[in-house]
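Read the structure below first, then the notes.
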Amino acid sequence: MKTLSKVAITLLSMMMLLPSTTHSIVVESNESYIKSATFLSEEFEVGPGKIAVKTLLDIDFPKGHIGVKSFDVEVVDEDGKSVPLYEAYLHHWFAVKYIENITMSHYIKQSHDLRNGIEFERNDGMCQGFLLPHYWGLGGESRGTSSNLPNPFAVELGNPTKLKDGFKEKWLFSIMVIDTRGAHDRKGCSECRCKLLNLPKNFYNVTMGINGQLLPRNYKGGLFCCQDNLQCKLRNDFHGPTRKLSLRYKIRWVDWDEHQMPLRFYILDSTDRVRSNGSTLIHDCQAEYTIPRNHNSDSPHVKKANIPMTKGGYLIYGTAHMHTGVVNTTLYGQDRRVLCTSNPKYGTGKEAGNENGYLVGMSVCYPKPGSIKIKDGEILTLESIYENKFRTGAMGHFYIYLADQIPNKNLTI
């Protein structure tokens with residue numbers, strides 16, 4: 001559990017805080033014990049070339065002591081129609097858990113002041129500060145990547161015995177959507193290349209990076225050049241209307257009982273520069289990186305991180321959050337055994353979910369429960385491979401769900 005750290009303030013300062021009202025579209029039940037609801041977030045406005053970086057507080061979320069089975073998101077327009085990536089590129093969406101002091105709720109809603117009354121509860125991953133804190137989140141590959149967790153496993157939420165007195169559990173969305181209609185370089189705009197954006201003249205004199213220092217002049221692109229309301233450079237002859245978009249998200253869950261098995265969720269980062277200070281491990285995740293073009297080789301670009309797992313478990317689910325240009329991502333055990341390889345799916349058409357040349361999905365690993373066990377203290381190797389092309393804002397995040405025990409067997413960690 002974390003209060004608002006300096007890193008959190010830096011990241012959240014990049015986001016425009018909007019009113020917290022969201023609207024439920026439909027509630028259904030697809031099985032006798034699995035419930036399902038589809039929600040629509042509040043709208044946010046974009047125009048040709050415009051970047052929207054938003055924090056949507058207090059989103060609709062199932063109540064009570066539950067186990068979440070899946071969480072799926074896509075971008076839709078005012079009419080509820082799916083918007084293709086070549087019009088509005090979903091760079092990322094993150095669902096972040098926080099608890100709010102009940103006595104401060106009205107003040108927070110009116111002021112959007114997150115410095116008091118809120119504590120963030122991040123996932124089990126090891127990255128420092130407020131980096132990669134979410135429980136669910138992907139990007140342009142969202143429509144084609146399964147988030148389903150096999151029975152009887154689920155993410156346990158809303159346990160009243162674990163909630164601090166005077167607080168209630170809430171969720172927020174952190175999102176980045178880039179309207180690339182009319183962009184001079186549509187793909188470069190979606191990679192947040194600084195030279196393709198109309199940046200303020202004093203940008204490098206005032207913009208802080210992840211380490212809390214001024215952004216270096218050789219920063220070519222990524223999260224810090226894609227700030228809310230900044231503009232990608234447009235073709236001279238292009239004119240287009242503004243539009244309002246929303247996130248449509250579907251959550252499936254079960255009421256928690258003795259038949260459910262809880263999972264721990266980890267986000268591993270291939271930029272994690274792990275080092276030690278005596279007996280203390282320090283994780284130095286960068287969250288993104290630049291891939292330089294290597295003209296002397298046709299070999300793909302490989303990024304590796306060796307990440308110690310303090311607490312292991314049985315691998316139940318694994319996939320990667322990557323960007324266009326990815327070849328694949330593999331997680332290895334300490335003995336170099338393959339734990340999971342996540343492969344990309346690229347679109348071939350025009351319709352939403354199959355956009356030509358875009359990354360539209362990542363494969364998911366579902367090992368037979370009990371077949372893959374990560375030991376306590378085991379050092380995992382995460383290897384992210386991209387094409388040998390210049391790319392900014394590349395990401396290599398790997399998502400794994402671990403269980404302490406598996407059904408019908410007396411196995412514990």
Side-chain angles (χ1 to χ4, degrees), residues 7 10-11 14 51 53 89-92 94 125-134 137-141 174 176 178 185 187-197 203-204 207-227 266-275 282-307 319-332 341-342 344 358-359 362 380-399:
V7 175
T10 299
L11 294 178
M14 297 167 61
I51 297 170
V53 181
Y89 182 74
L90 179 56
H91 185 279
H92 67 260
F94 298 150
M126 291 79 74
C127 287
Q128 75 279 11
F130 198 62
L131 286 181
L132 309 182
H134 49 285
L138 290 168
E141 77 278 24
S174 172
M176 180 191 292
I178 306 170
D185 183 340
K187 289 294 181 70
C189 176
S190 67
E191 291 181 14
C192 301
R193 295 189 189 176
C194 303
K195 70 177 183 179
L196 299 177
L197 290 151
F203 177 78
Y204 287 100
T207 306
M208 300 291 181
I210 281 178
N211 60 4
Q213 305 297 317
L214 283 174
L215 209 61
R217 296 273 177 174
N218 63 355
Y219 181 79
K220 301 295 184 182
L223 292 169
F224 294 98
C225 282
C226 270
Q227 298 187 23
Y266 292 81
I267 299 179
L268 310 179
D269 183 10
S270 59
T271 70
D272 190 353
R273 302 179 294 194
V274 183
R275 62 184 187 275
I282 299 172
H283 292 267
D284 187 12
C285 301
Q286 302 301 298
E288 62 175 1
Y289 57 102
T290 296
I291 300 173
R293 176 71 170 96
N294 184 355
H295 295 282
N296 297 322
S297 173
D298 292 327
S299 299
H301 183 274
V302 179
K303 191 78 169 177
K304 288 186 179 182
N306 296 316
I307 305 170
T319 195
H321 167 47
M322 308 293 288
H323 289 174
T324 298
V326 60
V327 175
N328 62 45
T329 304
T330 300
L331 185 66
Y332 297 93
T341 295
S342 187
Y358 284 85
L359 175 66
M362 294 294 296
L380 307 184
T381 298
L382 178 57
E383 181 179 80
S384 299
I385 303 177
Y386 277 89
E387 298 171 346
N388 181 14
K389 294 181 180 179
F390 175 64
R391 193 171 304 279
T392 59
M395 292 184 173
H397 305 159
F398 210 89
Y399 298 172

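Both backbone and side-chain heavy atoms feed into the values below; hydrogens, waters and symmetry mates do not.
Here the shortest heavy-atom pairing between Phe203 and Thr207 reads O-OG1, 2.6 Å. Contact detail for Gln286 and Asp269: the closest heavy-atom pair is N-OD2, 3.7 Å. For the residue pair Gly221 and Thr290, the shortest heavy atom distance occurs at O-OG1, 4.4 Å. Across all non-hydrogen atoms, the minimal contact from Cys189 to Leu196 is N-CD1, 3.9 Å. Between Cys226 and Val53, the shortest heavy-atom distance links the atoms O-CG2, 3.4 Å.
Between Met362 and His321 the shortest side-chain heavy-atom distance does not fall below 4.5 Å. A heavy-atom distance below 4.5 Å is found between the side chains of Glu387 and Val327. The side-chain heavy atoms of Leu382 and Thr329, taken from C-beta on, include a pair separated by under 4.5 Å. Counting heavy atoms from C-beta outward, Ile51 and Leu197 have side chains that approach closer than 4.5 Å.
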Exercise for the section: For Asn388 and Arg293, run side chain to side chain contact (heavy atoms under 4.5 Å, CB included): C-alpha distance rounded to whole Å, both residues' side-chain angles, the deciding distance at 0.1 Å, then the answer. Expected result: CA-CA 6 Å; Asn388 181 14; Arg293 176 71 170 96; 3.0 Å; yes

Please assess Met126 against Val274 for the test side chain to side chain contact (heavy atoms under 4.5 Å, CB included), listing each intermediate value before the final yes or no. CA-CA 10 Å; Met126 291 79 74; Val274 183; over 6 Å; no

Before you tell me yes or no, could you show the steps for Thr330 and Phe398 under side chain to side chain contact (heavy atoms under 4.5 Å, CB included), namely the whole-Å CA-CA distance, both residues' side-chain angles and the distance that decides it to 0.1 Å? CA-CA 9 Å; Thr330 300; Phe398 210 89; over 6 Å; no

Run the numbers on Ile307 and His283 for side chain to side chain contact (heavy atoms under 4.5 Å, CB included), then give the verdict.
CA-CA 9 Å; Ile307 305 170; His283 292 267; 4.1 Å; yes

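Cys192 does not pair with Cys225 as a disulfide, the SG atoms being 2.5 Å or more apart.
Judged by distance alone, the side chain of Tyr219 and the main-chain N or O of Phe224 form a donor-acceptor pair under 3.5 Å. Counting only distance, with no hydrogens or angles, the side chain of His397 and the backbone of Ala287 share a donor-acceptor pair below 3.5 Å. With hydrogens and angles ignored, the 3.5 Å screen pairs a side-chain donor or acceptor of Tyr399 with a backbone N or O of Gly137. The closest donor-acceptor contact from the side chain of Thr271 to the backbone of Cys285 lies at 3.5 Å or more, if one exists at all. Judged by distance alone, the side chain of Arg193 and the main-chain N or O of Lys187 form no donor-acceptor pair under 3.5 Å. Using a distance-only test at 3.5 Å, with no hydrogens or angles considered, no donor-acceptor pair links the side chain of Glu191 to the main chain of Gly393. Without hydrogens or angle criteria, Asp284 side chain to Arg275 main chain gives no donor-acceptor distance under 3.5 Å. Checked by atom type and distance alone, the side chain of Tyr204 never pairs as donor or acceptor with a backbone atom of Leu214 at under 3.5 Å. Panel note: side chain Asn306, backbone Thr381; no donor-acceptor pair is recorded below 3.5 Å.
Partner of Met322 under the side-chain contact (heavy atoms from CB on, under 4.5 Å) criterion, out of Pro344, Ser342, Ser270, Ser384: Ser384 alone.
To the nearest 0.5 Å, atoms CD1 (Ile267) and CG (Leu132) are separated by 5.5 Å. A distance of 6.0 Å separates CG of Leu268 from CG of Leu331, quoted to the nearest 0.5 Å.
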